[in-house]
Amino acid sequence: QVQLVESGGGLVQSGGSLKLACATTGINFNLGTVAWYRQPTGEQRELVASIRGSNNANVVDSVKGRFTISRNNGKTRVYLQMDSLKPEDTAVYYCNLDQAIWGQGTQVTVSS
């Protein structure tokens with residue numbers, strides 16, 4: 001059974017950094033597209049970044065230049081490095097595999 005487990009969320013001040021990790025059991029991440037989504041309270045879930053293969057990485061315009069998605073060499077973890085965080089980045093962040101499997105989410109709170 002494939003499972004995704006997110007970690008690394010927390011409370012940080014505006015301008016600070018956090019690094020989220022998504023770990024998988026049961027599958028090699030290199031076989032699909034891994035994405036980070038976020039859902040602020042009371043709002044819809046939205047795509048933040050995705051990665052497929054070794055070099056096909058993308059982030060949405062609202063986080064470009066601040067967030068970076070990457071994976072480890074063993075293809076079992078995908079990371080989301082978040083720098084220059086803003087209060088509007090506050091949300092539950094979810095890891096997703098091929099738009100089919102979701103993790104439980106990790107809360108990121110950015111204080112002003």
Side-chain angles (χ1 to χ4, degrees):
Q1 182 179 358
V2 178
Q3 289 186 319
L4 305 179
V5 179
E6 300 97 334
S7 62
L11 173 64
V12 65
Q13 289 188 333
S14 181
S17 298
L18 284 173
K19 186 173 184 177
L20 306 183
C22 176
T24 181
T25 58
I27 195 169
N28 186 320
F29 267 155
N30 199 40
L31 300 177
T33 298
V34 180
W36 284 98
Y37 287 75
R38 66 185 181 186
Q39 187 168 18
T41 301
E43 299 184 29
Q44 290 187 334
R45 195 170 296 188
E46 62 180 6
L47 176 68
V48 176
S50 65
I51 187 167
R52 181 176 180 84
S54 299
N55 298 314
N56 189 3
N58 296 281
V59 297
V60 298
D61 286 346
S62 60
V63 304
K64 195 163 291 183
R66 301 188 298 120
F67 291 12
T68 304
I69 188 170
S70 63
R71 65 192 338 149
N72 68 334
N73 289 333
K75 307 297 190 296
T76 58
R77 280 178 171 74
V78 170
Y79 303 100
L80 185 68
Q81 177 67 46
M82 305 186 296
D83 299 317
S84 301
L85 282 162
K86 305 175 182 180
E88 51 262 44
D89 295 318
T90 295
V92 178
Y93 283 71
Y94 296 90
C95 182
N96 172 273
L97 177 60
D98 288 337
Q99 298 186 357
I101 301 172
W102 294 91
Q104 83 288 350
T106 185
Q107 177 70 46
V108 172
T109 303
V110 184
S111 63
S112 57

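For this chain, numbers begin at 1 and follow the sequence in order.
Ring geometry for Trp102 versus Tyr94: interplanar angle over 60°, hence perpendicular rather than tilted (30 to 60°).
Here Arg52 contributes atom CZ and Thr33 contributes atom OG1; the two are 4.0 Å apart, rounded to the nearest 0.5 Å.
Shown here for Pro87 and Ser112, the closest heavy-atom pair between the two residues is CG-CB, 3.9 Å. Between Pro40 and Ala91, the closest heavy-atom pair is N-CB, 3.6 Å. Of all non-hydrogen atoms in Val110 and Thr90, the two that sit nearest each other are N-OG1, 2.9 Å.
In terms of modelled atom types and a separation under 3.5 Å, the side chain of Asn96 and the main chain of Ile101 share a donor-acceptor contact. Of the possible polar contacts, none joining the Asn56 side chain to the Ile51 backbone as a donor-acceptor pair under 3.5 Å is found. Side chain of Arg77 to backbone of Asn72: no donor-acceptor contact under 3.5 angstrom is found. Judged purely by atom type and a 3.5 angstrom limit, Glu6 uses its side chain to pair as donor or acceptor with the backbone of Cys95. No side-chain donor-acceptor contact under 3.5 Å links Thr76 to the backbone of Thr24.
Using a 4.5 Å cut-off between side-chain heavy atoms of Ile, Leu, Val, Met, Phe, Trp and Tyr, with links allowed through other members, Val60 and Val108 fall into the same hydrophobic cluster. One hydrophobic cluster holds both Val12 and Leu80 under the rule that ILVMFWY side chains link at heavy-atom gaps under 4.5 Å. Placement of Leu47 and Tyr79 in two distinct hydrophobic clusters is found when ILVMFWY residues are connected by side-chain heavy-atom separations under 4.5 Å, directly or transitively. Residues Val48 and Val5 are members of separate hydrophobic clusters, defined by side-chain heavy-atom contacts under 4.5 angstrom among Ile, Leu, Val, Met, Phe, Trp and Tyr. Residues Val92 and Leu11 do not share a hydrophobic cluster, defined by chaining ILVMFWY side chains whose heavy atoms lie under 4.5 Å apart.
A side chain to side chain contact (heavy atoms under 4.5 Å, CB included) with Tyr93 holds for exactly one of Gln39, Arg45, Met82; it is Met82.
In this structure the side chain of Tyr37 never reaches within 4.5 angstrom of the side chain of Gln44, judged on heavy atoms.
A salt bridge does not link Asp89 to Lys86: none of the charged nitrogens lies less than 4.0 Å from a carboxylate oxygen.
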Apply side-chain contact (heavy atoms from CB on, under 4.5 Å) to residues Arg38 and Leu20 and explain how you reach the verdict. CA-CA 12 Å; Arg38 66 185 181 186; Leu20 306 183; over 6 Å; no
